[in-house]
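These numbers were taken from a predicted model, which means no experiment stands behind them. Indexing begins at 1, ligand by ligand and atom by atom, following the structure's order.
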Amino acid sequence: MSALKPSAADFAVAGGTPLFDRPLPVGQLNFPSAERYEDAMRRIMKRRYFTNHGPLVVELEARLEEYLGVRNVLTVTNATIGLYLAALGLGLTGKVVMPAFTFVATAQAMAWAGLEPVFCEVDPDTHQISPATVEAAIEPEVSAVVAVNLWGGSCDPGRLEAWASDQGLPLLFDSAQGFGVSTGGRRLGGFGAAEVFSFHATKVVSSGEGGCIATNDDELAERIRNMRSNYGIRRPIEVPLTVNGRMSEGQAALALMSLDDFEYNRERNASLRNIYRSGLAAVDGSRIVEPTHVEASNHYSLVCEVDAGEFGMTRDRLMEILHAEGVLARRYFFPGVHRTTPFDSDFPRNVDVLPATDHLCSRVMQLPVGALVGHDDVERICDLIGAVKQFAPVLAVNR
Ligand code: T4K
């Protein structure tokens, strides 16, 4: 019997007291102390230089180039704009293959760049794309592949790179979730034509909103530099369009502090994962998805699959129960990009052809990790999930 919830009537969905009075979210939300933040902002105020490639952005780009081991890093307002700029900078046209099991921004950015998505499957165990899943979606007019590195793991980018090179297809990586991740002896950042990272508040390195494009292609970098700033910079170079994708000094200050804190936060995430691992090991019907094809993960997210048959209730009913207790689990990526507007109506042929993606969308949830979640909290979440399973025969039907 669970000490937390001795009977089904003790669950908040049945009128009991919620386990957490302060709801626990899934995002990383790693931010510096108010003192460090105030100090950084005061320095910006004193300089009176707030944006347009200021000294903190210059410093950040140099540090990122060194850390990621790439020739060029271009900071941007957010990763969605970064993906859009990278696609335009690469001159992609026509159709691009990408997974439907990703955050909707991957496809939205390509649509803004005038590209048509052709959605491919992911591997049901790793949740990542592979040469085989991409190859199965290839059509004659496909001009590029947009690969996604998910969950602090990777899609084995070296293998995909070799395959894409054989096919003569440019490869752009959405590594929004992959900062600090290494695979095959290299950090993500230098694979394919370019990689795009997100520094959103929910990411492990954060500037509130923000991101960067990493590339070893100097010509591409120069083109994107000119596109990123409405008026272009440095030597004149022909670009299709310019836009405002610049990062501000305030964002750069946050990102620099977040870089300083990254190793601490990575280790903290890893320790939370260890508690989840042991806490859920005996809960049949729950499976923690480990970051695959990596030597070092950033442990950005804690992803759990729920097998309704084995667990005794659906993922959605379990989430309803967890939410009532203050555990704000999220069902990324429901319902799959192929089933979201406008992609479902614009490209209906993509909708009913992705059974592995649909299967994952019905059973995957993220559980809380990050700065607002303590080791004790994770122990209690695991006990709670165990208790839900124990009372599943009652709770599952009490809808
Ligand atoms: N490609 C991939 C593969 C991505 O995962 C993403 C972003 C992108 C591209 C695009 O990157 P950006 O353009 O965003 O740089 C969140 C994030 O907004 C998004 O960055 C992230 N992926 C995605 C997976 O998750 P939402 O709309 O589901 O998050 P939201 O705002 O509901 O927050 C999640 C939880 O965190 C909630 O419980 C609330 C809590 N929260 C959130 C924020 C922002 C807080 O407590 N405080 C906060 O400040 O998209």
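With F334 as the aromatic partner, R331 meets the cation-pi criteria of under 6.0 angstrom to the ring centre and within 45 degrees of the ring axis.
Take Y300 and apply the ring-ring contact (aromatic ring centres under 6.0 Å, His included) test, not counting sequence neighbours, and it matches no residue. By the salt bridge (Lys or Arg N to Asp or Glu O under 4.0 Å) test, R287 is found to be paired with E305, residues two or more places apart in sequence or in another chain being considered.
When the shell of 6.0 Å around CH2 of W112 is examined, it contains 12 or fewer heavy atoms from other residues, nucleotides or ligands.
For F347 and F119, the ring centers sit 6.0 Å or farther from each other.
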Ignoring hydrogens and angles, write down the donor-acceptor pairs under 3.5 Å from the side chains of residues 81-94, residues two or more places apart or on other chains.
none

Could you tell me, for ligand 1, which of its N or O atoms are under 3.5 Å from any protein N or O, listing the pairs and their distances rounded to 0.1 Å?
{"from": "ligand 1", "atom 1": "1 (N)", "to": "D174", "atom 2": "OD1", "distance (Å)": "3.1"}
{"from": "ligand 1", "atom 1": "1 (N)", "to": "D174", "atom 2": "OD2", "distance (Å)": "2.6"}
{"from": "ligand 1", "atom 1": "5 (O)", "to": "Q177", "atom 2": "NE2", "distance (Å)": "3.0"}
{"from": "ligand 1", "atom 1": "13 (O)", "to": "A79", "atom 2": "N", "distance (Å)": "3.4"}
{"from": "ligand 1", "atom 1": "13 (O)", "to": "T80", "atom 2": "N", "distance (Å)": "3.0"}
{"from": "ligand 1", "atom 1": "13 (O)", "to": "T80", "atom 2": "OG1", "distance (Å)": "2.5"}
{"from": "ligand 1", "atom 1": "15 (O)", "to": "A79", "atom 2": "N", "distance (Å)": "3.0"}
{"from": "ligand 1", "atom 1": "15 (O)", "to": "S198", "atom 2": "OG", "distance (Å)": "2.7"}
{"from": "ligand 1", "atom 1": "18 (O)", "to": "H200", "atom 2": "NE2", "distance (Å)": "3.2"}
{"from": "ligand 1", "atom 1": "20 (O)", "to": "H200", "atom 2": "ND1", "distance (Å)": "3.4"}
{"from": "ligand 1", "atom 1": "20 (O)", "to": "K203", "atom 2": "NZ", "distance (Å)": "3.1"}
{"from": "ligand 1", "atom 1": "22 (N)", "to": "K203", "atom 2": "NZ", "distance (Å)": "2.8"}
{"from": "ligand 1", "atom 1": "25 (O)", "to": "Y332", "atom 2": "OH", "distance (Å)": "3.4"}
{"from": "ligand 1", "atom 1": "28 (O)", "to": "R330", "atom 2": "NH2", "distance (Å)": "2.8"}
{"from": "ligand 1", "atom 1": "28 (O)", "to": "Y332", "atom 2": "OH", "distance (Å)": "2.6"}
{"from": "ligand 1", "atom 1": "32 (O)", "to": "R330", "atom 2": "NH1", "distance (Å)": "2.9"}
{"from": "ligand 1", "atom 1": "32 (O)", "to": "R330", "atom 2": "NH2", "distance (Å)": "3.3"}

